[in-house]
Amino acid sequence: MCGICGWIDFNRDLGAPDARREVAAMTATMAYRGPDGEGTWIDGPAALGHRRLAIIDIEGGGQPMTLQEDCRPALVLVYTGETYNYRELRQRLAAVGHRFDTSSDTEVVLHAHREWGQRDPRTAVNELNGMFAYALWDTAKRELLLIRDRLGIKPLYYYPTEHGVLFGSEPKAILANNLAERTMDAEGLRRALCSVIADPFNTVLRGMREVRPGHIVRVTRDGIQQMTYWQLTDSGHTDDVPTTVRRVRELLEDTIQRQLIADVPLCTLLSGGLDSSALTALAARFSDERIRSFALDFVGYTDNFTPGPMRPTPDGPYVQEVAKFVGTDNTDITLSADELMDPNVRAATLHARDLPLTWGNLDSSLYLLFREIRQHSTVALSGESADEVFGGYPEFHDLAHVRADTFPWVANWASVVDTGRECLDPGLFEKLDFPGYLDEQYRRALAEVPALTGPASADPHERRMREVCYLYLTRYLPMLLDRKDRVSMALGLEVRVPYCDHRLVEYVFGTPWAHKAFDGREKSLLRAATADLLPQSVIQRVKSQYPAIQDPTYDRMLRTRFTALLNDRNAAVAPLLSVDGSRAVLNATNNVRVVEQILTLQDFLTDYNVTLRV
């Protein structure tokens with residue numbers, strides 16, 4: 001796991017001293033993603049930068065990495081992530097004459113492109129099983145490829161320029177180059193304030209784009225092109241329920257075994273829910289060492305727990321039961337309200353997210369959790385995406401949400417838009433047109449959904465559930481993956497997500513909804529596939545979302561900051577707000593999400609020196 005960046009300019013020699021300084025500045029922004037080493041490669045119009053977090057082949061996997069032909073570089077690669085099937089690919093490549101100088105997965109990716117990707121890079125990428133984002137420069141073709149994994153686990157951004165492109169694992173790498181404009185227009189502001197979906201095309205900054213999951217961006221002197229190498233399709237699923245359950249178990253076992261490979265300490269994130277518990281149990285079964293697990297708690301949280309619709313039970317008792325049942329070396333990391341309200345922690349999470357998006361104290365608690373884990377482990381396995389893959393959220397099973405003519409989860413966020421109506425300047429609110437924006441994005445997403453085939457296609461509910469599953473996998477899951485990557489990598493911690501294995505996602509996505517909910521419960525297939533691994537209490541536990549602190553002092557802190565902001569006429573967000581409306585919202589609602597969102601926007605505009613042009 002690492003941080004990558006680079007600059008292509010077909011009309012310039014980037015070896016000049018001023019250009020080298022720009023490349024060095026871009027690379028330096030990725031230091032926390034890669035604390036174990038750095039490197040740059042510059043030749044004519046191409047400059048690639050890399051910061052390394054050493055996970056596999058600690059001694060020999062340095063980057064940028066080149067493939068030499070005729071005593072000169074033919075291909076140059078900067079890579080972040082993990083290719084879990086690199087050992088099998090290495091054997092295949094060696095059998096046809098490839099020779100390797102390291103034991104790293106990065107070198108395997110490099111040779112895979114030389115062997116299989118010369119005519120079409122998609123052929124090489126489709127051989128890879130993993131989470132990755134990388135840039136490949138072909139010195140003869142004068143061509144750059146920007147490639148991102150199928151589900152978008154690893155981030156990759158690019159910024160077209162007059163004569164080429166800037167790119168980086170995070171926007172901050174691109175912004176370190178003077179060619180990048182720091183402007184947020186109305187479209188960017190719309191994305192920032194209506195952050196209930198992952199719009200996979202552009203960021204909140206004008207001109208900056210994100211490589212879409214499952215896509216390749218090709219950059220040549222003639223321009224920039226996108227190509228798709230992977231997308232969800234209809235598989236024509238014919239397996240019955242018992243066969244499907246067995247296949248899910250087989251895929252999980254194979255995936256977990258692959259993702260246990262590391263030359264550094266590894267652990268699991270354990271919440272006591274079905275997803276993380278099943279993952280931990282499988283890791284414990286296949287690991288050569290006793291698995292370490294880490295769980296999150298808050299001071300007094302379990303003792304004073306107040307049940308709610310999203311969190312009916314506290315995690316603590318289930319964590320302890322699973323740890324004892326499975327036999328992990330478990331550590332509970334307990335946080336206080338003071339820690340979550342620490343302004344330095346808030347600033348660190350904003351810098352990590354690199355965007356004016358906030359999940360409130362969920363971000364802060366995740367940052368503090370990862371900070372503690374990083375003292376013991378460099379790699380962590382997480383249960384992220386099981387809900388999206390197997391149908392775990394309540395909305396999947398609520399007909400009102402399912403039948404709503406919008407993203408099923410948007411109803412839970414409606415107060416954000418309603419409150420924004422009061423907080424924002426009325427003219428601006430009308431211009432941003434949040435309902436129209438949501439509807440546009442929803443229609444665009446629906447147009448992508450692969451048609452359902454076979455007997456299930458005659459069932460209207462099956463057809464709608466195909467759409468719902470697609471929406472969650474392509475528009476909701478990317479938000480979660482981005483958050484997990486940014487916060488973990490800000491601390492040099494690699495988080496792996498086994499439930500995002502594309503083979504598992506493809507297989508379950510193609511499965512009829514009647515199979516996914518065959519026992520009338522959420523995540524029926526996962527529950528059945530792992531029932532023998534866990535205590536019955538966990539198998540039967542109803543989903544409880546990631547814990548949020550229930551200390552009212554956190555809300556009071558936000559209100560105090562927001563009040564000060566409204567009194568500051570020079571605040572960056574001042575032109576956007578209706579002061580009277582904002583004060584009314586502040587005094588009338590217990591929902592401070594919008595308050596926190598506007599505070600985060602203010603911090604982002606200030607810290608990143610962004611100009612508003614709306």
Side-chain angles (χ1 to χ4, degrees), residues 1-4 30 33-34 53 55-56 78-86 105-106 109 125-135 146-158 167-171 198 200 203 210-217 228-232 251-252 254-256 258-262 266 268-269 275-276 279 352-355 357 366 370 378-390 472-506 508-509:
M1 197 72 70
C2 310
I4 66 173
M30 297 289 94
R33 291 186 73 94
L53 177 65
I55 303 294
I56 294 174
V78 284
Y79 174 93
T80 175
E82 305 290 349
T83 297
Y84 300 120
N85 64 333
Y86 78 98
D105 58 336
T106 302
V109 174
V125 183
N126 275 314
E127 294 286 347
L128 309 182
N129 176 298
M131 57 176 188
F132 46 78
Y134 59 95
L146 300 175
I147 300 170
R148 193 174 181 199
D149 65 60
R150 297 167 178 85
L151 275 297
I153 305 168
K154 304 309 298 177
L156 185 56
Y157 295 85
Y158 67 104
F167 68 89
S169 293
E170 298 179 4
T203 73
E210 191 171 3
V211 178
R212 296 186 65 182
H215 279 66
I216 300 172
V217 172
T228 303
Y229 73 86
W230 182 87
Q231 56 190 344
L232 290 167
L251 287 168
L252 285 172
D254 182 72
T255 298
I256 296 297
R258 290 178 184 275
Q259 299 196 23
L260 286 173
I261 298 172
L266 178 146
T268 68
L269 307 179
D275 313 339
S276 66
L279 182 155
R353 295 297 300 272
D354 224 14
L355 296 168
L357 311 175
L366 192 66
F370 288 163
T378 310
V379 175
L381 271 60
S382 168
E384 207 81 77
S385 84
D387 285 308
E388 290 77 17
V389 173
F390 290 102
Y472 269 97
L473 287 168
T474 64
R475 298 303 193 273
Y476 191 79
L477 177 60
M479 294 189 294
L480 302 181
L481 295 175
D482 182 79
R483 170 176 174 260
K484 185 65 66 73
D485 172 87
R486 299 302 189 81
V487 178
S488 62
M489 289 304 296
L491 297 154
L493 176 69
E494 173 175 300
V495 174
R496 298 176 178 177
V497 280
Y499 292 115
C500 280
D501 182 282
H502 73 276
R503 301 166 303 163
L504 178 67
V505 174
E506 289 171 346
V508 178
F509 177 74

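Quantities reported herein were computed from a predicted structural model and do not represent experimental measurements.
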(request) Check step by step if side-chain contact (heavy atoms from CB on, under 4.5 Å) holds for Q259 and V379. (result) CA-CA 10 Å; Q259 299 196 23; V379 175; over 6 Å; no
(request) Take D387 and L477 through the side-chain contact (heavy atoms from CB on, under 4.5 Å) test and state the conclusion after the steps. (result) CA-CA 9 Å; D387 285 308; L477 177 60; over 6 Å; no
(message) T268: which residues meet the side-chain hydrogen bond (donor to acceptor under 3.5 Å, both in side chains) condition with it, sequence neighbours left out?
(response) T280
(request) List the atom of G492, the atom of T378, and the distance in Å for their closest heavy-atom pair. (result) O-CG2, 4.1 Å
(request) Find out whether L156 and T80 are in side-chain contact, i.e. whether some heavy atom of one side chain is under 4.5 Å from a heavy atom of the other. (result) no
(request) Taking all heavy atoms of L355 and all of P171, pick out the closest pair and write down the distance. (result) CD2-CG, 4.5 Å
(request) Check whether any side-chain N or O of S169 sits under 3.5 Å from a backbone N or O of I4 as a donor-acceptor pair, and report yes or no. (result) yes
(message) Holding to salt bridge (charged side-chain N to carboxylate O under 4.0 Å, His left out), I want the full list of residues that pass it with D275, two or more places apart in sequence or in another chain.
(response) K523
(message) Within this structure, what is the CD-OG1 distance for the pair Q231 and T474, rounded to the nearest 0.5 Å?
(response) 11.0 Å
(request) Using the test ring pair (Phe, Tyr, Trp, His ring centres under 6.0 Å), find all partners of Y134 that sit at least two apart in sequence or belong to another chain. (result) Y79, H113, F132
(request) Taking all heavy atoms of K154 and all of M131, pick out the closest pair and write down the distance. (result) CG-C, 3.8 Å
(request) Go through the steps to decide whether V211 and Y158 satisfy the test side-chain contact (heavy atoms from CB on, under 4.5 Å), and finish with yes or no. (result) CA-CA 7 Å; V211 178; Y158 67 104; 3.7 Å; yes
(request) Could you tell me which residues satisfy side-chain hydrogen bond (donor to acceptor under 3.5 Å, both in side chains) with E506, sequence neighbours excluded, listed by chain and number? (result) W230
(request) With sequence neighbours left out, write down each residue that passes salt bridge (charged side-chain N to carboxylate O under 4.0 Å, His left out) with R148, or none if nothing qualifies. (result) E210
(request) Could I get the full list of ring pair (Phe, Tyr, Trp, His ring centres under 6.0 Å) partners for Y472, not counting sequence neighbours? (result) Y393, F396, W409, Y476
(request) For T255, check side-chain hydrogen bond (donor to acceptor under 3.5 Å, both in side chains) against everything at least two apart and list the hits. (result) D501, R503
(message) Just to verify, what does D482 make a side-chain contact (heavy atoms from CB on, under 4.5 Å) with, not counting sequence neighbours?
(response) P155, Y157, R353, R486
(message) Are the side chains of I153 and E384 in contact, using a 4.5 Å heavy-atom criterion?
(response) no
(message) Minimum heavy-atom separation for L504 and P498, please, with both atom names.
(response) CD2-O, 4.4 Å
(message) Side chains of V125 and H215, heavy atoms from C-beta outward: is any pair under 4.5 Å?
(response) no
(request) Applying side-chain contact (heavy atoms from CB on, under 4.5 Å), name anything that partners L366, two or more places apart in sequence or on another chain. (result) L369, F370, R483, K484, V487, Y546
(request) Supply the atom-to-atom distance R496 CZ to S382 OG, rounded to the nearest 0.5 angstrom. (result) 13.0 Å
(request) Heavy atoms only: give me the nearest L146-A135 pair and the separation to one decimal. (result) CD2-CB, 3.7 Å
(request) Evaluate side-chain contact (heavy atoms from CB on, under 4.5 Å) for L128 paired with D149, printing each intermediate quantity in order. (result) CA-CA 9 Å; L128 309 182; D149 65 60; over 6 Å; no
(request) Answer yes or no: is there a donor N or O on one side and an acceptor on the other, between the side chain of N129 and the main chain of N85, under 3.5 Å? (result) no
(message) Restricting to non-hydrogen atoms, name the atom on L481 and the atom on C500 that form the minimum distance, rounded to 0.1 Å.
(response) CD2-SG, 4.0 Å
(message) Quick one, V389 and L473 - any side-chain contact, counting heavy atoms below 4.5 Å?
(response) yes
(message) Do R150 and N126 have side chains that approach each other closer than 4.5 Å (heavy atoms only, starting at C-beta)?
(response) yes
(request) First locate atom CG of L269, then atom OG of S276, and finally report the distance between them rounded to the nearest 0.5 Å. (result) 8.0 Å
(request) Could you pull out all residues at least two apart from A352 that satisfy side-chain contact (heavy atoms from CB on, under 4.5 Å)? (result) A490
